[in-house]
2 protein chains.
Amino acid sequence: MFSKATEYALRATIYIAQKSSIENKLSLDDVATGIGSPRAFTAKIMQILSKDNKLVSSTRGPNGGFYISDKAKEQPIIAILKCMNERDIIDKCVLGLKKCSEKEPCPLHFQYKTIKADLLGLFELKSIQQLANEIEDGNATISN
Amino acid sequence: MFSKATEYALRATIYIAQKSSIENKLSLDDVATGIGSPRAFTAKIMQILSKDNKLVSSTRGPNGGFYISDKAKEQPIIAILKCMNERDIIDKCVLGLKKCSEKEPCPLHFQYKTIKADLLGLFELKSIQQLANEIEDGNATISN
DNA sequence: TGTATTAAGGACAAAGTTATCTTTTATTAT
DNA sequence: ATAATAAAAGATAACTTTGTCCTTAATACA
Ligand code: FES
Ligand code: FES
């Protein structure tokens, strides 16, 4: 479904939400180890996620690292997809037609659209915080 | 969702099902033009699809080309995915964990699994013939 | 001020996917 | 037989994604 980069982005963000706070930041190594992703590649992804400190925040130097503000934790999962520029793969035609539309639908369109709606609903409804809680409560893992 | 190769495979198969018969085969050019895919790449995909004449059938030489037997037309869409070795992308964890399981679920697992079931249902239920009919009846397109 | 620490940024490498081109093989019709 | 036709097969190219490495910049603290 998603690219490796976006998978790591999702896992990293949720992981940071669960483990970090502004007083207790996570280093790149913490994150990569925590979610089981390649360190250097994860660094690149963290750069995207923490660009302008919009979704994830970061500071350099001793005791620096990554964290997520309480406000950002309330963001829905889809915010991560948007950040990774993969928001619109949900809109694509399942058969790869240039445009998915009701006027020129592919033969799977009307059935697939309800599935897409469910997917979108999931990503729009679930917040980063909620998924972090699932892990915190021991009901889910993200560690590979 | 799927790779370009699999998208072309799905469209090509459905297109051939709609347009061809054993007496009226489609050439590679017919197929590539019909679904709007790059000719040479499509050739490679047709090789996979018609390997052993299992899903799509092909013959060489004058009046040769591709066609689909009535029996193969009754196959569900998922047969095309299997043929393209993309059947199992439906089983993958949405967050990219190595294994999607109930015992060590990711925080989206239980919601995502119903979506996966819907997807699988769609691909298992709809036959190649049915989708070809949609196009034949003017209710859908596949031509880009 | 200087040094250690940590992320940011840039250049590059490896692997995978998509796409093209050329040659070979099978088949038909003359 | 020969020529024409059309797919199969192989080599290779272009592009994208994934991944690494090295240098630079920011920050804290002694
Ligand atoms: S046109 Fe194919 S999914 Fe909408
Ligand atoms: S474990 Fe992630 S979808 Fe099943």
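The structure displayed is predicted, hence computed values, not measured ones. Just so we're on the same page: letters track the sequence lines, and every chain starts at 1.
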Taking the side chain from B:D118 and the backbone from B:I115, do they hold a donor-acceptor pair closer than 3.5 Å?
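Between the backbone of B:I115 and the side chain of B:D118 there is no qualifying donor-acceptor contact (under 3.5 Å).
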A:P38, nearest nucleotide to its side chain (from C:dA7, D:dT20, D:dA28)
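Nearest listed nucleotide: D:dT20.
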C:dA7, OP1 or OP2 - any side-chain N/O from A:S50 closer than 4.0 Å?
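Result: no.
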Please answer whether the main-chain N or O of A:D91 pairs with a side-chain N or O of A:K116 as donor and acceptor at a distance below 3.5 Å.
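The answer is yes, because a donor-acceptor pair under 3.5 Å joins these two groups.
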Side-chain donor/acceptor of A:R11 to backbone N/O of A:S143, under 3.5 Å:
no
Check if the side chain of B:Q47 and the base of D:dA7 share a donor-acceptor pair of N or O atoms closer than 3.5 Å.
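Per atom types, no contact qualifies.
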Which listed nucleotide (C:dA19, D:dA8, D:dG19) is nearest to the side chain of B:Y8?
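Nearest listed nucleotide: C:dA19.
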Can you tell me if A:N63 touches the phosphate of D:dC29, counting only side-chain N or O atoms and a distance under 4.0 Å to OP1 or OP2?
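Answer is yes, contact under 4.0 Å.
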Check the distance between C:dA8's C1' and A:I45's CD1 and give it to me in whole angstrom.
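For the pair A:I45 CD1 and C:dA8 C1', the rounded distance is 15 Å.
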Using atom CD of A:E23 as one end and atom P of D:dA28 as the other, report the distance to the nearest whole Å.
15 Å
Measure from the side chain of A:P62, starting at C-beta and using heavy atoms only, and say which of C:dT28, D:dT20, C:dT5 lies closest.
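Selected nucleotide: C:dT5.
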What is the nucleic acid contact for B:A43, judged by heavy atoms within less than 4.0 Å: base, sugar-phosphate only, or nothing?
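Answer is nothing: B:A43 stays at 4.0 Å or more from every strand.
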Under the 3.5 angstrom rule, does the side chain of B:S50 hit a backbone N or O of B:N53 as a donor-acceptor pair?
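Not at all, since once roles are kept as given, no pair shorter than 3.5 Å links the two residues.
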No-hydrogen, no-angle side-chain donor-acceptor test under 3.5 Å, B:E23 and B:S21:
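A pair is found: one side chain offers a donor N or O, the other an acceptor, under 3.5 Å apart.
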I need the CZ-C1' distance between B:F66 and C:dT27, as an integer number of Å.
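My rounded result for the distance is 14 Å.
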Per nearest nucleotide of DNA chain C, the residue lying toward the 5' end, A:M46 or B:F41, is A:M46
Under 4.0 angstrom between B:T59 side-chain N/O and C:dA26 OP1 or OP2
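Negative; the distance criterion is not met.
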Can you tell me how far P of C:dT27 sits from CD1 of B:I22, to the nearest Å?
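The answer, rounded to whole Å, is 14 Å.
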Can you confirm whether the side chains of B:S3 and B:E86 place a donor and an acceptor under 3.5 Å from each other?
yes
A:D30 CG to C:dA7 C1', in whole Å, measures 13 Å
Closest to the A:K44 side chain, choosing from C:dT18, D:dA7, C:dA11
C:dA11
Measure the distance from CG on B:D52 to P on D:dA7 and round it to the nearest whole Å.
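Computing the B:D52:CG to D:dA7:P distance gives 18 Å.
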What's the angle between the local helix axes at either end of the helix from C:dT1-D:dA30 to C:dT30-D:dA1, using five pairs per end and rounding to 10 degrees?
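Taking the rotation axis at each end, their angle is 0°.
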Judged by atom type as modelled, is there a donor-acceptor pair below 3.5 Å linking the side chain of B:T6 to the main-chain atoms of B:F2?
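Between the backbone of B:F2 and the side chain of B:T6 there is no qualifying donor-acceptor contact (under 3.5 Å).
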Integer-rounded Å distance: D:dT27 C1' and A:R60 CZ
9 Å
Please check if the side chain of A:T114 supplies one atom and the backbone of A:Q111 the other of a donor-acceptor pair under 3.5 Å.
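Checked: pair present.
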Send over the distance from B:Y67 OH to D:dA7 P, rounded to a whole Å.
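One finds 13 Å between P of D:dA7 and OH of B:Y67, rounded.
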Side chain of A:L28 only, please: which of C:dA19, C:dA7, D:dA7 is the nearest?
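My answer, after comparing the listed nucleotides, is C:dA7.
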